[in-house]
Amino acid sequence: MAEYQHKAIESKWQARWAEQKVYKVTNDTTKPKFYVLDMFPYPSGAGLHVGHPLGYIASDIVSRFKKLKGYNVLHPMGFDSFGLPAEQYAIETGQHPAITTEKNIATFKKQLSILGFDYDWDREVKTSDPSYYKWTQWIFQQLFNAWYDYTADKARPIAELIDIFEKDGNRHVNAACNENIKIFTAQEWKNKSEQEKAKILLGYRLTYLDEVMVNWCEALGTVLANDEVKDGVSERGGYPVERKKMRQWMMRITAYAERLLRNLDKLDWSEAMKEMQRNWIGKSFGCEIDFKVVNSDITLTVFTTRPDTVFGVTYVVIAPEHELVPRLTSKLQKKNVEQYVQRAINRSERERQAEVKTTTGVFTGSYVINPFTGEKVPIWIADYVLAGYGTGVVMAVPSSDDRDYRFAKAFDLPIIPVIAGTENLENPTEIKHGKLINSGFLNGLDTQEAIQKAIEYAEERGFGRRKINYRMRDAVFSRQRYWGEPVPIYYKNGIPHLVPFEKLPLELPQIDQYKPTPTGEPPLARAKNWKYRDEDGNEYDYEHTTMPGWAGSSWYFLRYMDPQNDQTFCSKEASNYWNTVDLYIGGTEHATGHLLYSRFWNMFLYDMGYINHEEPFQKLVNQGMIQGRSSLIYKDKYENKFISYHLLDGYYGETVELHVDISLVRGDELDIEAFKKWRPEYKDAEFITEGAKLGRHESGEVIRGKFICGSVIEKMSKSKYNVVNPDDIVEKYGADTLRLYEMFLGPIEVSKPWNTDGIEGVYKFLRKLWNLFHDEKGNFFVSDEAPTKEELRILHKTIKKTEEDIEKLNLNTSVSSFMICVNELTALKCNKRAILQDLLIIISPFAPHITEELWHLLGNQTSITKAVFPTYNSEYLIEDTIEYPVSVNGKMRTKITFDANASVETIQQVVLSDEVVKKWLNNQPAKKVIVVPGKIVNVVV
RNA sequence: GCCGAGAUGGUGGAAUUGGUAGACACGCAGGACUUAAAAUCCUGUGGCAGUAAAAUGCCGUGCGGGUUCGAUUCCCGCUCUUGGUACCA
């Protein structure tokens, strides 16, 4: 008697696969390669939840499928193990983040291993491992030692730039560099001090130091992400946050803007994803125009994409944080301006952009001359202008820009219509393109023509120039944190120097507390005796900031190719063989962060000749999120009293909403006793229940009623107590069921809340599959009879569907087709080896354990993972007749069966003489009969 | 605000390129087996009207329009949910 015993089968095969290293991947092989990758997880303390495996199962299915199709498949897993939560935990408990992280990784690995993934664990990488971050630091140093040559359109070694400076100065250098670098000759370069030279070079390097605005929280002594700031105060603790300029390491990703944009066309990513990156890069064509400030030597340069509307400029707006603001402010306006700037600067950029209802701004007291008209217009300050975009100054054309229009209305500034048809409109910005009016030499021209004409005019007269602008900014690389890669830099006389390669990795030092120093220095400043020592024994300070989370994750896909190499980050042989990632699965939340930074680093390594592919991820698929269903409980604001969900309306007091652990709730009903034990402060809480009148049951038992919780669908997170762990499901149903079920839930890209309601159906399917191989008594029983035509049709229909579905990643419908196949074979009582053996192979990528077991019961000696995917034969699917749906005016009314090769004329004739069709024709002749061969007939009445 | 995605029965979802809306599964209802329950199996199941039961008709893919012989699919305008918005990863 052998029933389907998932536990025994799964642990047996997992052990055997590990023991025989079935999933070992080698780099030298004659087989074609396939590289399938998941975005690696951050090992959080909550462990793996049911959302993580969604993508992992999909990639595992593809990996196993490609192996069956004869590919050498690289399908690795590792951990993005630097990050804030471990550090936060360290601050609170004093526990070293490395210890927490190791523990969390162990939990994750254990959880991953019971799901039966085909990872080669010998290739695991961890970003917080010094043997890994040695190479992250090395890449940083390569970026430090490089500059971007726009003429060659690639990065080059900084030594070559120094050569050019020595021979020719920087006059002919077309490089990505800081804006304030002055032109110098070779002789001038040679005369500069080492200090000066270092400063200039820093302005060219692909990683450099700069002063940038950050959210500084004095009380926490650290910089906060925009996410961590709510309404101008820190989310944690509610301390005030100010915007402040700090010296930070930057990454010159803008050098790559054009290539990052251009290459998108070559990638097999969703249009949505490419669009997001395009918008992030934000390329726009336009020009700069110089506006001279009246009675001053200052010139304000604006960037505009609409120089055609320059005759409609009625004022100019400058960003509150712009450095010229103090010089432009008149005595009379000083107080107003200072007040305004103070307030505006402390608002986040997102807030400033999002706010459209209230328009704010202040007049500086200064004026500029519009070089096209010679007219004098006022300079205003407004927070809708950001210092970081364009030049930080805009020319305002209230008649054709919405924000300018609102601003002009609010402050009663003039509006000059410049586009024909807008003269008499209440809101002229409704029409943005057309023939120009009130615009001097541009009158009568169309928008596009006028733009070109205006730029030419400005260029000829020297007060403007054609300009391509990008919205993308250089990336801030420094973090005022402990748990990240140390930046391999030390300072000598204030000039940054690279820690020599032999001294890498520069390991994280031990510190007493994981907090910033009392003076607001980053945590690494606490390290005792942590200094760089040169040969002469001189000591220098190391850089005290660490690298951001995205540093380690920007190149990990290369390390998997050659994970143990201690000579280089990844050997050329390995990267030449594995090349680009063929399928990358991960969430859309990485659209503009990780996926741009990785492309940038990969492109840089390509430029420097370390790898041979320019793009890291050829095909990208975005998996949706599995959301959690949180349970909510309502507590009286002042008393230790809880109110059941449906009684809230009638409750007299004020209540607060709290998250309650979902393990204490069954179908919205709270287990009150368990809840009292959950938190000591609730031990004596009072509960107002519902659903039953208080009283006594006939048996004498007191009727208590039910306590019902509210619920909300949101991100699965430890802090929301809504995490569902896959372990319990595997325990009850097995990994094969979980794998099939997660795929069966729906398309991989769609987000949905976790819900186990349908899991029984999938479990039943596996039992039915098992029963195909067993008789009623449970004995293994398979026949060697030749299959019938019908059985072959069922099998080959499924082979075809599965293959198409996996290629397109429609894994939910493959599971359905397996169910249909097994249902049909069960109905035919088919237990033929010729059919079942192939069926096992096609199901094996989805349910590797049960299929491996049955495969061996069939007498096979080697693993099913080494089998060959069956070839679909179209001959088995040919049908002699086709049943046509016949519709009248597009509505299906009847069905008529025709010979597969019946002519259109025959079909029309038969259809028109059909009783049902006649009824709808009602003795009128049909206006039209449309026959789509093989598909449908439509009669138009 | 800006950029991206989505909305189909009681539920998860299916529908290949514009061609039978609701595959497959859950749930529910009824039945078989059983002393009973569980498990298993069978039948039915979008809504409304209609019928003894059928037949049959009408409505129906977030809302309002449009294109088409034919629209879940294409176009225009909305609503709601959701991801990103540069120091969460």
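Residue numbers start from 1 in every chain, and the chains themselves are labelled A, B, ... in the order their sequence lines are given, proteins ahead of strands.
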Student: Could you tell me the Watson-Crick or G-U partner of B:A36, where both distances fall under 3.5 Å? Say none if there is no partner.
Tutor: none

Student: Rounded to whole angstrom, note down the P distance from B:U82 over to B:C69.
Tutor: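 Straight-line distance between the two P atoms is 41 Å.
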
Student: For atom P, what is the distance between B:G9 and B:G84, given to the nearest Å?
Tutor: 27 Å

Student: Check A:Asn938 against A:Gly890 and note the closest heavy-atom contact, atom names and distance.
Tutor: OD1-N, 3.0 Å

Student: Do you know the tightest heavy-atom contact between A:Trp249 and A:Thr207?
Tutor: CE3-OG1, 3.6 Å

Student: Which atom pair, heavy atoms only, marks the closest approach of A:Phe40 to A:Ser553?
Tutor: CE2-CB, 3.6 Å

Student: Counting just side-chain N and O atoms, does A:Arg278 come under 4.0 Å of either OP1 or OP2 of B:G4?
Tutor: no

Student: Nearest to the side chain of A:Val476, heavy atoms from C-beta on, is which of B:G83, B:A25, B:C87?
Tutor: B:C87

Student: At under 4.0 Å between heavy atoms, what does A:Trp754 touch on the DNA or RNA strands: base, sugar-phosphate, or nothing?
Tutor: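 Nothing: the residue A:Trp754, judged by heavy atoms under 4.0 Å, touches no strand.
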
Student: According to the interplanar angle, ranging from 0 to 90°, do the rings of A:Tyr763 and A:Tyr733 count as parallel (below 30°), tilted (30 to 60°) or perpendicular (above 60°)?
Tutor: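 Aromatic pair A:Tyr763/A:Tyr733 classed perpendicular.
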
Student: Side chains of A:Asn622 and A:Thr588: donor-acceptor distance under 3.5 Å anywhere?
Tutor: no

Student: What does A:Lys808 touch in the nucleic acid at a heavy-atom separation under 4.0 angstrom: a base, only the sugar-phosphate, or nothing?
Tutor: nothing

Student: Please work out if A:Gln88 contacts a base, only the sugar-phosphate, or nothing of the nucleic acid, heavy-atom cut-off 4.0 Å.
Tutor: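 Nothing, no heavy atom under 4.0 Å.
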
Student: B:G12 P sits how many Å from A:Leu54 CG, rounded?
Tutor: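 Result: 16 Å.
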
Student: Where does B:G9 land, syn or anti, given syn is within 90° of 0?
Tutor: syn

Student: What contact category does A:Lys764 fall into here, base, sugar-phosphate, or nothing, at under 4.0 angstrom with non-hydrogen atoms?
Tutor: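 Counting heavy atoms under 4.0 Å across all strands, the contact made by A:Lys764 is with sugar-phosphate only.
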
Student: What interatomic distance, in whole Å, is found between C1' of B:A54 and the corresponding atom of B:A21?
Tutor: 24 Å

Student: Which part of the nucleic acid, if any, lies within contact of A:Asn226, taking any heavy atom under 4.0 Å across all strands shown: a base, the sugar-phosphate backbone alone, or nothing?
Tutor: sugar-phosphate

Student: Could you check A:Glu804 against A:Met892 and say which one's nearest nucleotide on RNA chain B is further toward the 5' end?
Tutor: A:Glu804

Student: Is there a side-chain contact between A:Asn812 and the phosphate of B:G12, meaning an N or O under 4.0 Å from OP1 or OP2?
Tutor: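 Checking B:G12 against A:Asn812, no side-chain N or O comes under 4.0 Å of OP1 or OP2.
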
Student: In this structure, how many angstroms lie between the C1' atom of B:G13 and the CE atom of A:Met743, rounded?
Tutor: 14 Å

Student: So what does A:Ala272 touch, heavy atoms closer than 4.0 Å: a base, only the sugar-phosphate, or nothing?
Tutor: sugar-phosphate

Student: Rounded to whole angstrom, note down the C1' distance from B:U11 over to B:U16.
Tutor: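 It works out to 26 Å between them.
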
Student: Would you name the heavy atoms of A:Leu766 and A:Tyr4 that are closest together and state the gap between them?
Tutor: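 Looks like CD1-OH, 3.7 Å.
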
Student: Taking the C1' atom of each, how far is B:G44 from B:U35, in whole Å?
Tutor: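 Looking at atom C1' only, B:G44 and B:U35 are 29 Å apart.
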
Student: Expressed in whole Å, how much space separates the C1' atoms belonging to B:U81 and B:G62?
Tutor: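 About 11 Å, rounded to a whole number of Å.
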
Student: Do any side-chain nitrogens or oxygens of A:Arg350 fall under 4.0 Å of OP1 or OP2 in B:C2?
Tutor: no

Student: Pairing check on B:C41: which nucleotide meets the Watson-Crick or G-U wobble criteria with it, both distances under 3.5 Å?
Tutor: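 Its partner is B:G31 (Watson-Crick or G-U wobble, both distances under 3.5 Å).
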
Student: Give the rounded distance in Å between these two atoms: CD1 of A:Ile936 and P of B:U17.
Tutor: 17 Å

Student: Which part of the nucleic acid, if any, lies within contact of A:Glu749, taking any heavy atom under 4.0 Å across all strands shown: a base, the sugar-phosphate backbone alone, or nothing?
Tutor: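 Nothing, no nucleic acid heavy atom in range.
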
Student: Is a salt bridge present between A:Lys800 and A:Glu804, judged by a nitrogen-to-oxygen distance below 4.0 Å?
Tutor: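 Judged by the 4.0 Å cut-off on N to carboxylate O distance, A:Lys800 and A:Glu804 do form a salt bridge.
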
Student: Starting from P on B:G10, measure out to CG on A:Asn755 and report it in whole angstrom.
Tutor: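 That distance rounds to 16 Å.
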
Student: Within the structure, does a side-chain N or O atom of A:Asn823 lie under 4.0 Å from either OP1 or OP2 of B:A25?
Tutor: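 For B:A25, OP1 or OP2 has a side-chain N or O of A:Asn823 closer than 4.0 Å.
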
Student: Heavy atoms under 4.0 Å, any strand shown: does A:Tyr42 hit a base, just sugar-phosphate, or nothing?
Tutor: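 If one applies the 4.0 Å heavy-atom cut-off, A:Tyr42 turns out to touch the sugar-phosphate alone, with no base involved.
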
Student: Given that both distances must come in under 3.5 Å, which nucleotide forms a Watson-Crick or G-U wobble pair with B:G46?
Tutor: B:C59

Student: Please report, rounded to the nearest Å, how far the P atom of B:C41 is from the CD atom of A:Glu776.
Tutor: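 For the pair A:Glu776 CD and B:C41 P, the rounded distance is 13 Å.
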
Student: Roughly how many Å is it from OH in A:Tyr741 to P in B:C24, rounded to a whole number?
Tutor: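 After rounding, the reported distance stands at 18 Å.
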
Student: What interatomic distance, in whole Å, is found between C1' of B:C26 and the corresponding atom of B:G13?
Tutor: 11 Å

Student: Check every strand shown and say whether A:Glu589 touches a base, only sugar-phosphate, or nothing at a heavy-atom separation below 4.0 Å.
Tutor: base

Student: Determine whether a donor-acceptor pair (N or O, by modelled atom type, separation under 3.5 Å) exists between the side chain of A:Gln277 and the backbone of A:Ala591.
Tutor: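 Flag set: sc A:Gln277 to bb A:Ala591 pair under 3.5 Å.
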
Student: Using atom types as modelled and distance alone, determine if a side-chain donor or acceptor of A:Asp38 lies under 3.5 Å from a backbone N or O of A:Ile585.
Tutor: no

Student: Which nucleotide, if any, forms a Watson-Crick or G-U wobble pair with B:G70, using both distances under 3.5 Å?
Tutor: none

Student: Rounding to an integer number of Å, can you tell me how far A:Leu745 CG sits from B:G12 C1'?
Tutor: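 The answer, rounded to whole Å, is 7 Å.
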
Student: Using a heavy-atom cut-off of 4.0 Å across all strands, would you classify A:Ser751 as base, sugar-phosphate, or nothing?
Tutor: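 Nothing, no heavy atom under 4.0 Å.
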
Student: Any salt bridge between A:Glu485 and A:Arg479, counting N to O under 4.0 Å?
Tutor: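 Between A:Arg479 and A:Glu485 there is no salt bridge, as every charged N stays at least 4.0 Å from the carboxylate O atoms.
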
Student: Are the side chain of A:Glu543 and the backbone of A:Thr545 linked by a donor-acceptor contact shorter than 3.5 Å?
Tutor: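 Such a contact is found between A:Glu543 side chain and A:Thr545 backbone.
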
Student: So what's B:G6 paired with, Watson-Crick or G-U wobble, going by both distances under 3.5 Å?
Tutor: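 With both distances under 3.5 Å, B:G6 matches B:C80.
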
Student: Consider the side chain of A:Asn279, meaning its heavy atoms from C-beta on, and name the nucleotide among B:A86, B:A15, B:C3 that approaches it most closely.
Tutor: B:C3

Student: Could you identify the nucleotide paired to B:U20, looking across every strand shown and requiring Watson-Crick or G-U wobble geometry with both distances under 3.5 Å?
Tutor: none

Student: Rounding to the closest angstrom, what is the interatomic distance between B:G65 and B:C87 at atom C1'?
Tutor: 47 Å

Student: Could you check which nucleotide pairs with B:U11 in any of the strands shown, counting Watson-Crick or G-U wobble with both distances under 3.5 Å?
Tutor: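 When the pairing criteria are applied, B:A25 turns out to be the nucleotide that pairs with B:U11.
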
Student: Check every strand shown and say whether A:Trp280 touches a base, only sugar-phosphate, or nothing at a heavy-atom separation below 4.0 Å.
Tutor: base

Student: Which is more 5' along RNA chain B, the nucleotide nearest A:Lys752 or the one nearest A:Thr592? Just name the residue.
Tutor: A:Lys752

Student: What string of B, S and - do you get for nucleotides 66-75 of chain B, 5' to 3', if B is base contact, S is sugar-phosphate-only contact and - is no contact with any protein heavy atom under 4.0 Å?
Tutor: ---BS-----

Student: State which of B:A15, B:C26, B:U11 makes the closest approach to the side chain of A:Asp757.
Tutor: B:C26

Student: Among the nucleotides B:U20, B:G13, B:C87, which one has an atom lying closest to any side-chain atom of A:Gln480?
Tutor: B:C87

Student: Salt bridge or not for A:Asp210 and A:Lys245, using N-O below 4.0 Å?
Tutor: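 Between A:Lys245 and A:Asp210 there is no salt bridge, as every charged N stays at least 4.0 Å from the carboxylate O atoms.
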
Student: Please classify the nucleic acid contact of A:Arg767 as base, sugar-phosphate, or nothing, using heavy-atom distances under 4.0 Å.
Tutor: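 The residue A:Arg767 makes sugar-phosphate contact but no base contact.
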
Student: Counting any heavy atom closer than 4.0 Å, what does A:His594 reach on the DNA or RNA strands: base, sugar-phosphate only, or nothing?
Tutor: nothing

Student: Nearest to the A:Phe744 side chain among B:A23, B:A25, B:U56, which nucleotide is it?
Tutor: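 Output: B:A25.
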
Student: Once you round it to whole Å, what is the distance between P of B:C2 and CG of A:Asp402?
Tutor: 9 Å

Student: Phosphate oxygens OP1/OP2 of B:A86: is one of them under 4.0 Å from a side-chain N or O of A:Arg473?
Tutor: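 So the side chain of A:Arg473 is outside the cut-off, no N or O lying under 4.0 Å from OP1 or OP2 of B:A86.
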
Student: Heavy atoms under 4.0 Å, any strand shown: does A:Ser478 hit a base, just sugar-phosphate, or nothing?
Tutor: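 Here A:Ser478 touches the bases of the nucleic acid.
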
Student: Does B:G1 have a Watson-Crick or wobble partner in any strand here, with both distances under 3.5 angstrom, and which is it?
Tutor: B:U85

